[in-house]
Amino acid sequence: MASAALAASAAASQSMRNREILDAVGTTAAALSLVGSSFIVLCYLLFRELRKFSFKLVYFLAVADMLCSLFTIMGGPANAFYCFAHDYSAHFFCVASFLWTTTIAFTLHRTVVKHKTDVEDFGSIFHLYVWGTSLATTVLRSIGSDYGRPGTWCWIQQGSMGKILHLVTFYLPLWGAILYNGLTYYQVNRMLNNATRMAVGISDRSIQSDMRADKKAFNRWGYYPLILIGSWSFATINRLYDFANPGHKIFWLSILDVGFAGLMGLFNSIAYGLNSSVRRAIAERLDMFLPERIKRSLPTLSRLRSQQENELTSLIVESNNRHNNVGST
């Protein structure tokens, strides 16, 4: 009896230490994402020149990431109310985050592949789609949830029904967004490659130069679907493993789960937000206030001030004109 009691005590102590480690990893990752996404939101609010439709989508993505990170930090299984706020709010805004990435992919596809210039007309539709879908999945997620019980994480559901709903309402739309983004960026890339070959065929150096610039920009955009894959692959594996082996946790997999998922907002803010327009806007403000001797020691400021418009904006605005030029030739 004594040995059994000691073993149970040791197991409980180890479980507490593991939970503290997971809490620390998750909170640190979410805090980094909160800082990164808040920075993008602040830039949008402070710099009027960034308030274009393409960057407005990035702004709403950053808002969703910011609130997802905030409510993730708030979560704590010791308090039923905070568990409630953590689970529903974090779920809502995390779903909204990856849905906003699909609106950016849709906008790029419609302008480059479909040659349409009406993307701004979809603003209200985007909001209805993102916030409405996020709300619907969050309400469905509430079925089968069990709060107020002590545990490692607030989102643990008791029984297979709750776990199935978790997979259906979060991971199904997540991987749907990943597949859509991947297919969309593939089609845009193919279109740019075809346009480049056409430009080479007609020996138009100006068009070739423009297409090379767009291709260089797209080389970075093409990796955007990998952000969601990298952020949520370990979490997906962990959920599937938990569904197949209830009650048995793999600690190192849980660390990778909460760590990479918590960093999604930081990854998004770097990839989508820190583009040439943001860097140039910051450089212009620094140029106004920094002493001349300091500015001379920072050649990066000069390069940023001379850069062209935001890669996404320039491609969206100019792609139709370029294709028209190629076609008319």
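Predicted model only: the values in this text are computed from it and were never measured.
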What distance separates [X] [atom1] from [Y] [atom2], expressed to the nearest 0.5 Å?
X: Ser33; Y: Leu70; atom1: OG; atom2: CG; answer: 12.0 Å
X: Ser89; Y: Leu67; atom1: OG; atom2: CG; answer: 9.0 Å
X: Leu266; Y: Ile40; atom1: CG; atom2: CD1; answer: 10.0 Å
X: Ile229; Y: Trp175; atom1: CD1; atom2: CH2; answer: 5.5 Å
X: Leu167; Y: Leu240; atom1: CG; atom2: CG; answer: 6.0 Å
X: Leu61; Y: Asn268; atom1: CG; atom2: CG; answer: 4.5 Å

Ring-plane angle category for [X] and [Y], please: parallel below 30°, perpendicular beyond 60°, tilted otherwise.
X: Tyr171; Y: Trp232; answer: perpendicular
X: Phe260; Y: Phe267; answer: tilted
X: Phe93; Y: Phe71; answer: parallel
X: His127; Y: Phe60; answer: perpendicular

Hey, is the main chain of [Y] close enough, under 3.5 Å, to the side chain of [X] for a donor-acceptor pair?
X: Thr27; Y: Ala24; result: no
X: Thr111; Y: Leu108; result: yes
X: Arg51; Y: Lys56; result: no

When you group the ILVMFWY residues by side-chain heavy-atom contacts below 4.5 Å and let the links chain together, are [Y] and [X] in the same group?
X: Leu179; Y: Phe106; answer: no
X: Phe53; Y: Val63; answer: yes
X: Ile270; Y: Val58; answer: yes

*asked:* Here's a test for you: under side-chain contact (heavy atoms from CB on, under 4.5 Å), which of Asp257, Leu256, Leu253 qualifies with Ile237?
replied: Leu253
_For the student: nearest non-hydrogen atoms of Ala62 and Ser37, plus distance_ = O-CB, 3.4 Å
_Quiz question: by atom type and distance under 3.5 Å, do the side chains of Thr101 and Asn181 form a donor-acceptor pair?_
yes
